[in-house]
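Reminder, nothing fancy here: chain letters follow the sequence lines and each chain counts from 1.
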Amino acid sequence: MKHKHNFFIILTSCFFLTSCGLASKDLFKGNIYNSPVFAENYYDFWDSQLANFKGTQGELLESKNLFRTYQEFLSTGLDQQAAVYSYFWLPKYYEGEGNYSYYRKMNSVDSSFNYHYLSKLYDGQMFCGGDFQLSRVQINENGFGQYFDKEGNSPKYFAMNFKASIDYTNTTLLNKIHEVDPTVIGTDGDYYHLSNIQMTVSIYTKDSEGIKKYDYINNLNDVKTNHYESYTGLEYEFFGFSLENLPNKSRVVGYSISFNFEDPACNIAKNILGENLDYSLMVYEVMFPFSSWH
Amino acid sequence: MKNKLVSYSPVVIFLILEVLAFVTFSFGNSFLLYGILGIIILALILLVSFKEIKVDGLVRSGFFIFPLFIFGVITVLSNCFNGTNIIDVTTKVFIPISLVCFSACGAILSLNKSFKISTALLVIYSTIALLTLLNFIVTMCQFGPFHTIFYKEYYMYYGGVKSSVGAQGMAYALVGYQFNEVTLGYYSLFPSLLLTSSIMLFFTSYKKDKWIFLAYLFFSLLAFISLLFSPNKLSLITDVVVLVIIAILILFSKKILSGKIIKIGSLILILLAIIGIVLLFFNAQDWGWLSGFKNFISNNAFLNKIFNGNYIAENIKGILNNLFTKDKIFGFYLSYPIYDIPVAPSNSWFFDNLFTSGFFGAIFFLFALVFAIFGLNKYMKYSNDDLKDKTLLYGFIITFMIYNLISGDINYLIFKQSYNFLFTSGPFLVVVCLFAYANSKGRCDYNLFLEKEAINETQA
């Protein structure tokens, strides 16, 4: 009787395994975030471990060795080896020796970065290359937060390749904006205007007391902002900063990105035309170079 | 000296059973290792059993082993393996070597008195049960039960790209030393094989053999639950086929179904198979005079679904259409030069042998298989092994071959490039060993039966 009792306890407890669903949390419906409707493509998911930090302020840290272009990045000396790599102009299917993103992409640092929807940010593809939504993560001001599968140890700097974009599919509204002020949105062939962003990159570390949030807040002025989908490479920002002042950086467990913006086209749409124009950041790549993961 | 060697027979048999377990488990997924182990176990069994080997036995087994060897050699020299780095040179050489070693070992085991097929089958089924259990637990942990239904049209992202297979076609399995995302066809192979353990339940009873009964009951339940919790259209078809095989075997063994019905049924199936292959071949060709026939198929919804309307049929068409073009008669390429038309492997060993080994390699494989099946039938009828063991062995072998005929996945890893050829897989080497055992034992016991009949006639 006792053996039967134990057997059924073991059998029942096996079914509790089914509540894990570890991989099922990373399953996404078919063509999610790949809609022709601009506003349907926002990835605004925060992992549950970071959900409580959404909208809160962490400890403010100064962004040292800030850079906004590849040339500025090279001049910081954060990555001495990068000087021999060519500018990451080539899309991922031309990756190979001499290409910066090929050597610094996160999925070559640790295989855990191959998983999840956000693996798009760790595959070395810095540009659209004609892949549009398939190559990037589109975010709104709420941004997203990722809790890593492993803990990172001592990343040297944070780098992110992105471009800003308004809803270029809303051609009717864009034409109206052009009529109000042609200097903001020009004619065809004129791919971008300028906007201002207050970018907040938060790094999360873990210690005996739990998870701590550290904010790197930067005002980025004159950010090239797409008003026409293109992949010429001109509209991208290679943005980042040193992580030398990050406390407890032997246990980096996650990061989040959110932002505020000031865009003249959106202002015209809202204040003059009484309409809403979507604004987003298209993030192509995120890197934590020179880190180890366990 | 000779007596001393023979006395080590039980130890050698134990080692061979360990190797069979290791290879069935596909531990390490290293074909090179299986090949080396094959050489070792053949050497060991030869040392302790050389006295039992007779010339006519060698000849009988040779009809199975020799074509397999030729198949292996042709495969190594085929377009698929020659000039590519899919498998390196040292490992390629072990394709014919492994096939010969495991088949020869199986044939010689049938002559060794220390070897008990019931023990070997228990070891093999226990190993498959362990593998099935591990795969089942990990898949349930990752996806939960019935994920193939709940997560239909859901995809994983890997390397920045949506997976080619949705969650409904995905599971986890131990490959090498880690659990990987695999196709459901590969995952379902092991529980489908394990399901044949239910045959034993019809031949033993709890009262007679308590622990054997409980073991096989556990295997059957595990297989059933594993398949139930990850249902899929293709695996449902293969499961029905497996259950029909099991039912026919049990009815035939218990003499409820007569041998004549089996014979007639087999002949009908073979005829249908030949007609099906001929139709597939003609449907794949671009010959003008076949346009009427091809239109008839494409205009019929049911026939179109079978012959044209699925990716397996498309791949089979690609193989059959290009088989006699350029140098494809010597096998297809896994990676194609730009000027050539890419052809993908099908889901079936029958057509994949044309792909990997070319036309002549496939013919030799078929010859070995047909000879082995005749030997298997003799084993069922004349061998003095226990009926339950014979039925179980028959079920295991036939299920493996038929499962891989319908759902034999070469590209089984979803996020990594790796090829699971039938002849480099651990379970196939074990099947080859069992085939050779049954073939040798069946023909040997058939000869004994004929001798007895002759003696009885003389006495009468």
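- At least one test fails for B:K388 against the ring of B:F203: distance under 6.0 Å to the centre or angle within 45° of the axis.
- Remark: B:K162 qualifies as a cation-pi partner of B:Y155 under the 6.0 Å distance and 45° angle criteria applied to the six-membered ring.
- When the options A:K163, A:K224, A:R68 are evaluated for a salt bridge (charged side-chain N to carboxylate O under 4.0 Å, His left out) with A:E237, the one that passes is A:R68.
- The part of B:Y172 that comes within reach of chain A is its side chain, from C-beta onward, which places non-hydrogen atoms under 4.5 angstrom from that chain.
- For chain B, the nearby parts of A:L27 are the backbone and the side chain; heavy atoms of each come within less than 4.5 Å.
- With salt bridges taken as basic N to acidic carboxylate O contacts below 4.0 Å, none links A:K105 and A:D123.
- Residue contact with chain A, scored on non-hydrogen atoms closer than 4.5 Å, involves the backbone and the side chain of B:Y158 alike.
- There is no contact between A:Y122 and chain B, counting heavy-atom distances below 4.5 Å.
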